[in-house]
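Remember, it's 1-based here, ligands and their atoms both numbered in the order they're listed. Keep in mind that the numbers below use all heavy atoms, side chains included, and drop hydrogens, waters and symmetry copies.
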Amino acid sequence: MIRAIVGANWGDEGKGKLTDVLAEHSDLVVRFQGGANAGHTIINQFGKFALHLLPSGIFHPEVQNVIGPGVALDPEALFQELDSLKDRGVPAPRLTVSDRAQVLMDFHILLDTLEEERLGGRKFGSTKSGIAPFYSDKYAKVGIQACQLTDRELLRERLRNSLEKKNVLMEHLYRHEKLDADALTEKYYALGQRLKPYLADTSLLLDEAVKAGRDILLEGQLGALRDPDHGIYPYVTSSSPLAGYAAVGAGLPPWAIHEVIAVTKAYSSSVGAGVFPTQLFGQEAEELRRRGGDAGEYGAKTGRPRDVGWFDAVATRHGCLVQGATAVAMTNLDVMGYLDEIPVCAAYELDGQTIGHFPVTQDLRRVKPVYVTLPGWKTDIRGETDYSRLPRQCREYVETVERLIKTPITLLSTGPRREEICRRG
Ligand code: GDP
């Protein structure tokens with residue numbers, strides 16, 4: 001069985017917890033896109049972790065974790081994460097990194113930071129992890145593959161080539177000191193030596209796993225609305241977080257993916273810039289933000305307060321559609337237990353017309369949510385594992401959302417911990 005776990009919304013839907021839960025029954029867990037720019041929160045017997053680059057299967061010693069060629073591989077971030085797991089008593093994980101994955105360099109982070117500063121009020125809300133400059137280099141064909149870190153002279157040549165244009169920008173646009181290809185060669189050659197034991201052709205490894213009928217979990221980062229083709233461009237990320245891209249970014253045949261689980265929260269949240277029709281403000285937002293997630297809604301990567309709002313069925317239906325979702329997992333259902341009634345955005349109003357589709361960004365800015373209001377359940381359901389024992393109003397909420405998003409909700413998360421999960425259908 002090959003499954004993808006992906007986000008249906010703006011990111012931070014709780015994919016990390018779901019992946020950790022489902023990793024237990026998987027032989028391999030694969031990251032296929034993005035880099036250390038997102039954070040999955042995982043709470044298990046070792047403690048609480050915010051994973052940025054490592055696949056969420058690393059807490060299961062028997063799981064083979066894979067970083068595919070589509071990932072932005074920051075070797076320093078990778079080793080920091082591996083070291084911090086070791087320090088906290090997590091057994092050494094099984095990890096293989098694609099030798100074709102490209103390397104996110106420290107100058108990508110610098111360029112990202114300088115560019116966000118230059119843009120000022122027009123910025124995109126980047127996490128300043130270097131993702132946009134990294135993917136720009138990749139597609140401009142001046143990127144550096146992980147395998148190239150182990151050949152010092154090839155690395156020097158690639159770096160010189162890559163830095164030629166960047167140093168013009170450094171000097172004349174950003175007024176920053178120029179980058180030194182020789183110093184970078186030594187730094188990344190040394191990191192390459194440490195990386196070497198992890199490198200392999202991961203497509204071969206996955207091909208063998210597919211042929212042997214292994215269970216593979218493809219772990220997405222961010223969410224459908226951040227997809228550069230199908231999302232809220234330009235407030236998107238620079239690689240595709242869609243299940244369709246998982247085949248490419250991991251290195252698997254597209255027909256091999258059987259199940260696409262799109263994750264959504266019982267409410268909406270978004271970190272970073274963008275358009276968010278159901279966003280709440282003031283007191284109502286404060287309360288939901290404070291109660292959301294495991295310790296309030298603050299970005300796992302940046303600590304930034306997340307914007308929060310009511311569940312948006314239009315955005316989520318679009319997310320499920322472009323993900324090709326076969327099932328939905330709804331997280332944070334327990335958070336809603338304090339509300340007397342709960343609005344759900346069932347449609348948008350655009351220029352006086354009611355619409356059911358998710359429009360392009362310039363129109364999305366003008367939509368007004370059309371809400372249906374459902375009764376709350378005013379009960380603490382944290383940790384409930386049996387769907388039939390959930391309060392009637394809570395089941396009604398789930399079933400109404402299910403009808404609106406046109407995708408079966410098969411998993412409900414009732415708390416941040418691994419065991420707080422309810423299976424349905
Ligand atoms: P990801 O990037 O999609 O993995 O999402 P994050 O981990 O960044 O954000 C999800 C937040 O919700 C984290 O704080 C999780 O610990 C928390 N979380 C996940 N599922 C649940 C749940 O069912 N209930 C509660 N209360 N918190 C949850």
Side-chain angles (χ1 to χ4, degrees), residues 4-23 29 31 33-44 46-59 127 129 217-226 237 241 243 261-272 287-308 311 316 319 323 328-339 379-385 387 390 394 397-398 409 411-424:
I5 299 194
V6 287
N9 304 109
W10 292 262
D12 302 322
E13 296 93 346
K15 297 174 296 292
K17 168 183 164 169
L18 261 299
T19 314
D20 186 47
V21 168
L22 297 174
V29 178
R31 277 283 308 266
Q33 51 84 219
N37 53 327
H40 288 324
T41 313
I42 294 182
I43 304 173
N44 56 26
F46 300 107
K48 178 175 167 177
F49 298 86
L51 294 183
H52 302 300
L53 194 53
L54 285 170
S56 300
I58 46 137
F59 297 105
T127 59
S129 308
L217 202 59
L218 300 159
E219 179 178 12
Q221 177 233 34
L222 290 169
L225 307 181
R226 300 288 184 191
T237 191
I261 304 175
V263 186
T264 185
K265 276 181 178 150
Y267 51 94
S268 300
S269 73
S270 166
V271 72
E287 174 126 50
L288 185 52
R289 183 177 301 117
R290 186 170 57 75
R291 291 173 179 270
D294 71 294
E297 287 290 354
Y298 299 93
K301 173 75 188 173
T302 55
R304 291 182 286 190
R306 291 175 182 151
D307 296 331
V308 291
F311 186 84
T316 311
Q323 287 291 11
V328 162
M330 181 186 268
T331 69
N332 284 274
L333 190 59
D334 53 301
V335 171
M336 312 303 271
Y338 72 99
L339 293 155
T379 314
D380 184 6
I381 59 156
R382 170 115 189 225
E384 183 55 69
T385 55
Y387 184 70
L390 288 173
C394 180
Y397 183 78
V398 173
I409 300 178
L411 286 167
L412 295 161
S413 175
T414 54
R417 302 186 67 87
R418 205 183 250 180
E419 59 284 2
E420 293 168 328
I421 191 113
C422 199
R423 287 165 209 272
R424 188 175 163 250

At under 4.0 Å between heavy atoms, is it the side chain or the backbone of [X] that contacts ligand 1, or both, or neither?
X: T414; value: backbone
X: D334; value: side chain
X: R306; value: side chain

I'd like to know if E219 pairs up with K15 as an ion pair, taking the criterion as any Lys NZ or Arg NE/NH1/NH2 lying under 4.0 Å from an Asp or Glu carboxylate oxygen.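 Salt bridge between E219 and K15, a charged N being under 4.0 Å from a carboxylate O: no.
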
Can the ring centres of F59 and F49 be said to be less than 6.0 Å apart?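 When the ring centroids of F59 and F49 are compared, they turn out to be within the sub-6.0 Å range.
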
Whether R306 engages the ring of Y298 as a cation-pi pair (distance to the six-membered ring centre under 6.0 angstrom, angle to the ring normal within 45°) should be assessed.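 Pair R306/Y298 does not count as cation-pi.
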
Which of the ligand 1 atoms, numbered from 1, are nearer than 4.0 Å to a heavy atom of [X]:
X: G16; answer: 1 (P), 4 (O)
X: D294; answer: 13 (C), 14 (O), 15 (C), 16 (O), 17 (C), 27 (N)
X: S413; answer: 20 (N), 21 (C), 22 (C), 23 (O)

G293-ligand 1 polar pair, N/O distance under 3.5 Å: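 By distance alone, the answer is yes.
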
K17, any N or O under 3.5 Å of ligand 1 N or O: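 No: no nitrogen or oxygen of K17 is under 3.5 Å from one in ligand 1.
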
If we check side-chain contact (heavy atoms from CB on, under 4.5 Å) with C394, which of these qualifies: T414, I381, L412?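 The passing option is I381.
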
